[in-house]
Amino acid sequence: QVRLVESGGGLVQPGGSLRLSCAASGFTFSTAAMSWVRQAPGKGLEWISRINDGYEATYYADSVKGRFTITRDNAKNTVYLQMNSLKPEDTAVYYCNFGTSWGQGTQVTVSS
């Protein structure tokens, strides 16, 4: 079955960087569009980025555009989210998403 496992979260100071990873299995990763979605404390889910298969077109929410970069490694069945210039409002649980499947999430806390 589909399995998505996120990693790389943690505590970082404002202005810092983190790279999240999502290891995927159970489906043909190379032909899958993959997304990152986050949920801040007390708020709903917020879509933040997607990478398509093929030409690997990328899309970003305005809230992260220019600071976050989504990439994929089809040889490793892994999608990444490089997060730079982090802000306290980026604090959330970050989830990897494929279709109706979700990972368990990884906590990112941005605080001094």
Partner set under side-chain contact (heavy atoms from CB on, under 4.5 Å) for T28, not counting sequence neighbours: S30, T31
Contact list for residues 71-89, test salt bridge (Lys or Arg N to Asp or Glu O under 4.0 Å), sequence neighbours left out: none
Under the side-chain contact (heavy atoms from CB on, under 4.5 Å) test, residues paired with A40 that sit two or more places apart: K43, A92
Pairs touching residues 4-112 that satisfy disulfide (SG to SG under 2.5 Å), sequence neighbours left out: C22-C96
side-chain contact (heavy atoms from CB on, under 4.5 Å) partners of V12, counting only residues at least two apart: L18, L86, V110
Pairwise side chain to side chain donor-acceptor pair (under 3.5 Å) hits with a residue in residues 8-21, at least two apart: S17-N84
With V2 via side-chain contact (heavy atoms from CB on, under 4.5 Å) - residues at least two apart: L4, F27, F98, S101
Those residues that, when tested against Y80, pass ring pair (Phe, Tyr, Trp, His ring centres under 6.0 Å) (two or more places apart): none
Pairs involving residues 23-58, ordered by first then second residue, that meet disulfide (SG to SG under 2.5 Å) (sequence neighbours left out): none
Under 3.5 Å, which donor-acceptor pairs do the side chains of residues 60-67 form with other protein atoms, sequence neighbours left out?
residue, atom, partner, partner atom, Å
Y60, OH, I70, N, 2.9
D62, OD1, K65, NZ, 3.2
S63, OG, E46, OE2, 2.9
R67, NH1, S85, O, 2.9
R67, NH1, D90, OD2, 2.7
R67, NH2, S63, O, 2.9
R67, NH2, D90, OD1, 3.0
R67, NH2, D90, OD2, 3.4

Working for side chain to side chain contact (heavy atoms under 4.5 Å, CB included), residues L20 and E6: CA-CA 7 Å; L20 306 183; E6 301 96 335; over 6 Å; no
Qualifying residues under ring pair (Phe, Tyr, Trp, His ring centres under 6.0 Å), relative to Y59, sequence neighbours excluded: none
Verdict with reasoning, V79 to W36, per side chain to side chain contact (heavy atoms under 4.5 Å, CB included): CA-CA 9 Å; V79 59; W36 285 96; 3.9 Å; yes
